[in-house]
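The block underneath contains the structure these notes are about, expressed in structure tokens.
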Amino acid sequence: MRASKPFSQMRRTVAALCLFALGGAPFTASAQDVGHASHTPVKASKKAELGTGAAVDARGRLWIAGKESAADGQYVTLQMSADGGASWSAPRRIQSQPEAVSADGENRPKLAFGPDGALYISYTKPLSKPYTGEIRLVRSPDGGQTFLPPATVHANRDLITHRFDSLIVDPAGRIYVAWIDKRDVEAAKAAKRKYAGAAVYYAVSDDGGASFKGDFKAADHSCECCRIGLAINPAGKPVALWRHVFDQNVRDHALLELAPDGRNPPLARATFDQWKVDACPHQGPSLAYGADGVRHQVWFNMVGDEGGVFYAGTDAAGKLKTPMKLGTAQAEHADVAVQGGKIVLAWKQFDGTATAILGKTSLDGGASWQEREFARTKGDSDQPHLLTTPAGIVLIWRTRDEGVQTVPAFKEK
């Protein structure tokens, strides 16, 4: 679906979104370095999938993972920048043999570093039937110098949906990989029972990715095609945020702290928009925690007759404050990052001619906000990704025409 459609048209066609994984972004617009942006001319072909994962290591170096389609097949590629994104290393393949790779906006490769400097890369490998896949993990114990062969993280190997993976490493070095799973859908069909949506499953490794425990079910009845937001809370625990299917087919969001043994507490509801829709909008949430324990979240939903992207933080008691709408009805695919009292929100927005990454920044924990345009393009583009680095919060955005752009969230004075 084109972002240039009126939002009312989006409402009428949202049911179709569940049938299509939105690879890259079908927007068009002129390349500008807005603010203090740096970019490298790593350009993709018109048909390339632009989905890109990003992470920062303990030395402050930036890393990105994307997809290469070569004559012999597909690969996940890795690049590194030691100068804040001003330049990037040439793409390196992390697999010795090609295999199918998903790299659209909601289903891109993911990166995470362990406390020992080990690098982990997860991705979805599409299988022979439509909308099926396996979640794969590649390990680099030496921080990106060498790579071990990819392995499938889940025990279930049915030809079903295991897709939309998310990856995080806790302070103890445990690796958590969560994904959208349809094994329970298939079981319900066999038993002739109704089953709404899909499910969220996860697996945990406490040996650096050599093996995984699980498949632990986080929840039944998730949305089918939205990414899962993962973040580490101040207690050092991984927390998942996803679009859930509540009673009466309300597609709000749920929150759950993931236990390493699968013994999870009951999930909590994280949004209260009451959007009733029998479809998946291909727009998952993002999550971040401040050192003060405040939870910050951004998400896409319909509220009454209006929809778009929203942000809210929690108060001292953990209760969600009144959501703030971001941008216009064309806003989508938001991200959030927190560093001390600084909060950065970024989202993608099409104005009929150009696609821009717009944002709000706060220096005082959300008491006041400043508007910001980070970058724009006339070509296809990925979603915006915010990284918290030793030098501050930065935006990383891959576009078809300009390549990988890196923009500091706060302008230099």
Side-chain angles (χ1 to χ4, degrees), residues 54-58 60 112-115 166-174 176 178 218 227-242 252-260 264-273 284-301 309-326 334-347 359-372 374 384-396 408-411 413:
V56 59
D57 66 17
F113 283 91
S166 290
L167 168 71
I168 203 164
V169 182
D170 72 12
R174 286 184 290 254
Y176 290 75
R227 71 177 186 263
I228 302 164
L230 290 179
I232 300 295
N233 67 19
K237 307 294 185 181
V239 179
L241 177 68
W242 69 90
D252 266 309
H253 295 79
L255 189 79
L256 182 68
E257 184 179 292
L258 304 180
N264 299 313
L267 64 83
R269 190 160 175 170
T271 65
F272 303 87
D273 302 322
S286 290
L287 178 67
Y289 283 89
D292 56 2
V294 172
R295 184 177 86 243
H296 302 265
Q297 59 186 53
V298 289
W299 69 97
F300 175 91
N301 247 8
V309 174
F310 299 88
Y311 158 79
T314 56
D315 60 21
K319 182 180 178 181
L320 199 68
K321 296 180 181 179
T322 301
M324 174 174 65
K325 188 174 180 180
L326 306 178
D335 202 6
V336 56
V338 182
Q339 189 174 49
K342 297 178 180 179
I343 307 170
V344 179
L345 312 174
W347 64 92
K360 286 181 176 286
T361 61
S362 176
L363 294 168
D364 51 18
S368 63
W369 295 93
Q370 295 77 46
E371 303 283 344
R372 176 80 193 277
F374 292 105
H385 306 299
L386 295 171
L387 283 185
T388 302
T389 79
I393 299 172
V394 300
L395 168 79
I396 292 182
F410 293 92
K411 296 181 179 180
K413 294 183 179 180

- Backbone of A409 reached by a side-chain donor or acceptor of R372 within 3.5 Å: yes
- Item | salt bridge (charged side-chain N to carboxylate O under 4.0 Å, His left out) partners for K342, two or more places apart | none
- Query: How long is the span from the CG atom in L345 to the CH2 atom in W369, to the nearest 0.5 Å?
  - Reply: 4.0 Å
- Task: Check A270 against L241 and note the closest heavy-atom contact, atom names and distance.
- Result: CB-CD1, 3.5 Å
- Query: Looking at A172 and P115, what are the two nearest heavy atoms and their distance?
  - Reply: C-CG, 4.4 Å
- Could you tell me how the ring of Y311 sits relative to the ring of H296: parallel (under 30°), tilted (30 to 60°) or perpendicular (over 60°)? parallel
- Task: Mind listing the closest non-hydrogen atom pair of G114 and V169 along with its distance?
- Result: CA-CG1, 3.8 Å
- How many angstroms lie between atom CZ of F374 and atom CH2 of W347, to the nearest 0.5 angstrom? 8.5 Å
- Item | With sequence neighbours excluded, residues passing salt bridge (charged side-chain N to carboxylate O under 4.0 Å, His left out) with D57 | R61
- Message: Measuring from atom CG of L363 to atom OG of S368, what distance do you get when rounded to the nearest 0.5 angstrom?
- Response: 7.0 Å
- What are the two closest non-hydrogen atoms of A334 and S286, and how far apart are they? O-OG, 3.3 Å
- Minimum heavy-atom distance V56-T388, with the two atoms named: CG1-O, 3.4 Å
- State the CG-CG distance between L395 and L386, to the nearest 0.5 angstrom. 6.0 Å
- Quick check: does any side chain N or O of T314 sit under 3.5 Å from a backbone N or O of G318, one acting as donor and the other as acceptor? no
- Message: Is there a side-chain contact between Q297 and T271 in this structure, where contact means two heavy atoms from C-beta onward sitting under 4.5 Å apart?
- Response: yes
In a table with atom names and distances, give each donor-acceptor pair under 3.5 Å that connects a side chain of residues 230-239 to protein atoms at least two apart or in another chain.
residue, atom, partner, partner atom, Å
N233, OD1, A235, N, 3.0
N233, OD1, G236, N, 3.2
N233, OD1, K237, N, 2.9
N233, ND2, E257, OE1, 3.2

- Decide yes or no for H253 and N301: does some side-chain heavy atom of the first lie under 4.5 Å from some side-chain heavy atom of the second? yes
- Query: Going by heavy atoms in the side chains, are Y176 and S166 under 4.5 Å from each other?
  - Reply: no
- Query: D252 and W299: side chain to side chain contact (heavy atoms under 4.5 Å, CB included), yes or no, with the steps?
  - Reply: CA-CA 9 Å; D252 266 309; W299 69 97; 5.5 Å; no
- Hey, does K360 have a side-chain heavy atom less than 4.5 Å from the side chain of E371? yes
- Note on the structure: Value for CG (L255) from CG (L287), rounded to nearest 0.5 Å, stands at 6.5 Å
- For R295, the salt bridge (charged side-chain N to carboxylate O under 4.0 Å, His left out) test, sequence neighbours excluded, returns none
- Task: Sequence neighbours left out, what passes ring-ring contact (aromatic ring centres under 6.0 Å, His included) with Y289? Give chain and number order.
- Result: none
- Task: Give every residue pair that meets the side chain to side chain donor-acceptor pair (under 3.5 Å) criterion with at least one member in residues 315-324, sequence neighbours excluded.
- Result: none
- Taking all non-hydrogen atoms of both residues into account, name the closest pair between L256 and A218 and its distance. CD2-O, 3.5 Å
